Protein chains: 2
Amino acid sequence: MAEARLPEPTGPMVVLIEDEPQIRRFLRPTLISQGYRIVEAVSGEDGVTQAATRQPEIVILDLGLPDMDGLEVIRRLREWTAVPIIVLSARGQERDKIAALDAGADDYVAKPFAVGELLARMRVALRHAAQSAREPTDSTFAVGDIRVDLGRRRVFVSDAEVHLTRTEYKLLTTLIRHVGKVLTHRQLLQEVWGPPYADQTHYLRVYMGQLRHKLEVEPARPRFLLTEPGVGYRLVTE
Amino acid sequence: MAEARLPEPTGPMVVLIEDEPQIRRFLRPTLISQGYRIVEAVSGEDGVTQAATRQPEIVILDLGLPDMDGLEVIRRLREWTAVPIIVLSARGQERDKIAALDAGADDYVAKPFAVGELLARMRVALRHAAQSAREPTDSTFAVGDIRVDLGRRRVFVSDAEVHLTRTEYKLLTTLIRHVGKVLTHRQLLQEVWGPPYADQTHYLRVYMGQLRHKLEVEPARPRFLLTEPGVGYRLVTE
DNA sequence: CCACCGCGTCAAGAAACCGTCAAGAATCGG
DNA sequence: CCGATTCTTGACGGTTTCTTGACGCGGTGG
């Protein structure tokens, strides 16, 4: 396992989201010497975008970013990708670690950190990814005239952007995550609104109606957002 | 993700390989209160055996064992299992961490450790396991011209989709679950409609008729959905 | 032979479910 | 604080699905 890695130009790609130039200057040559391809982002927004466009094998994320809460970055990424996220943070408090790990981070390394340990933890992350044979996720979803850019949270119909509210978007991405499958009323309500709402099926009717209105050509006879009477809803491709 | 977990007797099983009674006494109630089932081992040899016999969801391993090098325990486990291994160690040296992680450990927590962090890292490990476990969920059932995609809840006859109502589908999947065997009226009614309906055999006649009408080529002389007079029904393959 | 029983079929009324609209309430941004 | 957006809730009508009863068939046993 611990074989020496020589520099190779097509190794795993890492997106490094880190605003401190000092750390970037330090990490960049180290990672490159280990054979990684590296893409740097200096803000959370940029980081999410880079992760969406480059589809890296690993994301290394500093929690202390200027523009955005680090936890928010994790959540944004986890909306559409399972890419391993290793958090770097100056805050070594237990509750920070717990919050980041529960938000979807895979590992947490407190600063100042030993670079050898970071590299070892990166190898662990790569091992996991290889094991589940997970390809880097495509950050866009498309069906018919509908296109969803999950990284940027934007939705287009026939190349015209349509605005979805937060709830509408969450409902749509939930359906996308399980595309093809029927999601029961319960599942949808729990995932989108939270467990306490598991019985408020009326919400579903209202919001499915709004989604159809915004996305379907003929909302009354939907082609993609289908009803399974008595069961739930499903998103179908073609 | 950070929902409160109540104690439940059938949660994930943890094998804790740890020779210090102090730490065992401390961890045991904590893990149990989180709903884990816990098996303790006080030596490396015992730990490997327990992991093999109990098939736990997680292994927590102290590196400083009396009988065996901790790295050796990791290697022994990795010979046959991919179960997540979280290492606990009093040695916080970088090279110890690297060695353990590269030997196959998934995480490394230095003592003294914060128990909340350990629990969070355990949740991460469980997440990984759950993720890689749920790839092959593409079960379909087929007999004659009839094809049932159980994952997507769809039914086809001669490659044309037919729509089943909720009750029809439930009846069909119940028959599929017991394919080949005779199901009595009682069994079917209880499984599909619920115990209070155990005597409403008329329902069965109506719905079996509808199923045959939708699935059989010659509903009056069914090839697959057969009646066992006086007993119940059965689904046969050829 | 005929009454009876289990089974299959059909259909109509009842009930449940779904989509739609719209009006307040709550929330957000300025 | 105000205006705009979004969420929440209720009402209503159309549709699907369930439930129930009636009836016919065929086998069985009196």
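Just so we're on the same page: letters track the sequence lines, and every chain starts at 1. On a predicted model such as this, the values are computed, not experimentally measured, just so you know.
Between B:Arg152 and A:Glu228, no side-chain nitrogen of the basic residue sits less than 4.0 Å from a carboxylate oxygen of the acidic one, so the salt-bridge criterion is not met. Salt bridge annotation for B:Glu191-B:Arg177: present, with a cationic side-chain nitrogen under 4.0 angstrom from a carboxylate oxygen. Salt-bridge formation is not detected for the pair A:Lys97/A:Glu94: no Lys NZ or Arg NE/NH1/NH2 atom is positioned less than 4.0 Å from an Asp or Glu carboxylate oxygen. At a threshold of 4.0 Å, the pair A:Glu20-A:Lys111 counts as salt-bridged, since one of the basic side-chain nitrogens sits closer than that to a carboxylate oxygen. A salt bridge is absent between B:Asp106 and B:Arg121: the closest approach of a Lys/Arg side-chain nitrogen to an acidic carboxylate oxygen does not fall below 4.0 angstrom.
Heavy atoms of A:His213 sit nowhere under 4.0 angstrom from any nucleic acid atom. Residue contacts for A:Tyr233: at a heavy-atom cut-off of 4.0 Å it reaches the sugar-phosphate backbone alone, with no base atom in range. Contact annotation for A:Thr201: no contact, since no heavy-atom pair falls under 4.0 Å across all strands.
The CD-P distance, from A:Gln200 to C:dC18, rounds to 15 Å in whole Å. Atom CG of B:Leu189 and atom P of D:dT19 are 11 Å apart (whole Å). Atom-to-atom, CG of B:Leu211 to C1' of C:dT9 comes out at 15 Å; the value is rounded to the nearest Å. The interatomic distance linking A:Leu225 (CG) with C:dT20 (P) rounds to 12 Å, in whole Å. One atom, NZ of A:Lys214, and another, P of C:dG19, lie 17 Å apart when rounded to the nearest Å. Remark: P of C:dG19 and CD of A:Glu218 are 15 Å apart, rounded to the nearest angstrom. Regarding A:Leu204, its CG atom lies at a distance of 9 Å from the P atom of C:dC18, rounded to whole Å. Summarising the geometry, the separation between CE on A:Met208 and P on C:dC21 is reported as 16 Å, rounded to the nearest angstrom.
Map B:His202 and B:Tyr207 each onto its nearest nucleotide of DNA chain D; the residue landing nearer the 5' end is B:Tyr207.
A sub-4.0 Å separation between OP1 or OP2 of C:dC17 and a side-chain N or O of A:His185 is absent. An OP1 or OP2 oxygen of D:dC18 is reached within less than 4.0 angstrom by no side-chain nitrogen or oxygen of B:Tyr203. Distances shorter than 4.0 Å separate some side-chain N or O of A:Trp193 from OP1 or OP2 on D:dT8.
When distances are taken from the side chain of B:Thr167 to each of D:dT6, D:dT8, D:dC18, the shortest belongs to D:dC18. Distance from the side chain of B:Arg166 is smallest to D:dC18 among D:dC18, D:dT9, D:dT20. Nearest to the side chain of A:Arg205, among D:dT17, C:dT9, C:dG19, sits C:dG19. Of the candidates D:dC7, C:dC10, C:dG8, C:dC10 carries the atom nearest the B:Val206 side chain, counting heavy atoms from C-beta on.
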